[in-house]
Amino acid sequence: MNSICKMLGIKYPIFQGAMAWIADADLAAAVSNAGGLGIIAAGNAPGDWVRDEIKKCKTLTDKPFGVNIMLLSPYADEVAKVVLEEKVEIVTTGAGNPAKYLKEWQESGMKVMPLVPSVALAKRMEKLGVDAIVVEGTEAGGHIGELTTMVLVPQVVDAVKIPVIAAGGIGDGRGFAAALMLGAVGVQVGTRFLVAKECNVHQNYKDKVIKAADTDAVATGRSTGHPVRSLKNKMTREFQKLEKANVDIEELEKIGAGALRAAVVDGDVTNGSVMSGQIAGMITKEQSAKEIIDDYLTGLQAVISKSSEMIDFEI
Ligand code: TUI
């Protein structure tokens, strides 16, 4: 049996990416009910919001689900306690090093899977004793690292013994197959689940992802040290103009503050931050979480069954 399915008690090794302001109990439960791993994104939300979503998720599914803690959040310490009190079984972390919480979480029986963007950090996390790692390439949406999934996953797989889950740029069954070929035991998918019927993001946001072309998901903020990938709009163009003019980092970061909420909640896809991965160009319609998971599975099977035709040359 697939090592991560066995460890977590899930049917398919497909995680739903934790999208701040977006991935709530409704989406997480829908993905878990479809056999994947649904994940509630704590993002920048306070502990009480996270507690309510965990409670709600338990009423919507009897399958395992996780909570992601965004470590740059001012509420990270608070949320780290909430997941213990609510006896959440699976925690993923992003945007930092979760070392200070690890012992207490694992002593309570929790499975902990940090997200890492480099080999060095993957090794450090393995040494600390985490259960698995999610490795995210720069193709992903939101706050991103430098390396692509294609080069990062095999290097991390060679460097650690714990299970590796690949994230960033996994847009369909072909990407799923490719990640497994690179040595990952599973995948994490954000942008595709953003357009799930059960996803409560504003309809304008979904429509912008559905309309996006291959080159529309651009990274801004490399100069601030906090690059973020989102769909091109008035906000990204203004940000890029100011970056070129070498405007103060503090001025730039002010533009980002509140911009994600504006896009997700108010549907302001002009001035807001429409965070999205590079696979947005592959997305053509809204589907249920179950239809999305089924599409990854049938797509995976289709390419695997053609694998002998692919090597139609002598080695
Ligand atoms: O975290 C993400 N993606 C995100 S978070 C987010 S909301 C946000 N709010 C305020 C500021 C910025 C973003 C939107 N998208 N992905 C996971 C991720 N983690 N990508 C990169 C990393 C990462 C970076 C550094 C993980 C660990 C790390 O460690 C540095 C160190 O050595 O501590």
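Residues take their numbers from the sequence shown, with the count starting at 1. Heavy atoms only: backbone and side chains are in, while hydrogens, waters and symmetry mates are out.
In this structure, G267 and H202 approach most closely via the heavy-atom pair CA-CG, 3.3 Å. Taking both residues in full, the closest heavy atoms of I69 and W105 are given as CD1-CZ2, 3.6 Å, listed atom of the first, atom of the second, then distance. The shortest heavy-atom contact between A196 and A289 is CB-N, 4.3 Å. For the residue pair V303 and M310, the shortest heavy atom distance occurs at O-CE, 3.4 Å. What you find for V187 and I165 is that their closest heavy atoms are C-CG2, 3.6 Å. In terms of heavy-atom proximity, Y296 sits nearest to F176 at O-CD2, 3.8 Å.
Residues E286 and K206 are paired through a salt bridge, judged by an N-O separation under 4.0 Å between the basic side chain and the carboxylate. Ionic pairing of D26 and K56 is present here: one or more N-O contacts between side-chain nitrogen and carboxylate oxygen are shorter than 4.0 angstrom. The pair D295-R192 meets the salt-bridge criterion, with a side-chain N (NZ, NE, NH1 or NH2) lying under 4.0 Å from an Asp/Glu carboxylate O. The pair K290-D294 meets the salt-bridge criterion, since a charged nitrogen lies less than 4.0 angstrom from a carboxylate oxygen.
Residue E89 places its CD atom among 12 or fewer non-hydrogen atoms of other residues, nucleotides or ligands, all under 6.0 Å distant. For E85, the CD atom counts as densely surrounded, since its 6.0 Å shell holds more than 12 non-hydrogen atoms of other residues, nucleotides or ligands.
At least one donor-acceptor pair under 3.5 Å links the side chain of E243 to the backbone N or O of S223. The backbone N or O of G129 sits less than 3.5 Å from a side-chain atom of Q106, completing a donor-acceptor pair.
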Test side-chain hydrogen bond (donor to acceptor under 3.5 Å, both in side chains) on T92 and N68 and set out the steps. CA-CA 5 Å; T92 65; N68 172 269; 2.9 Å; yes
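Put simply, the side chain of V209 reaches to within 4.5 Å of the side chain of L231, judged on heavy atoms.
Between the side chains of D207 and N204, not a single donor N or O lies within less than 3.5 Å of an accepting N or O.
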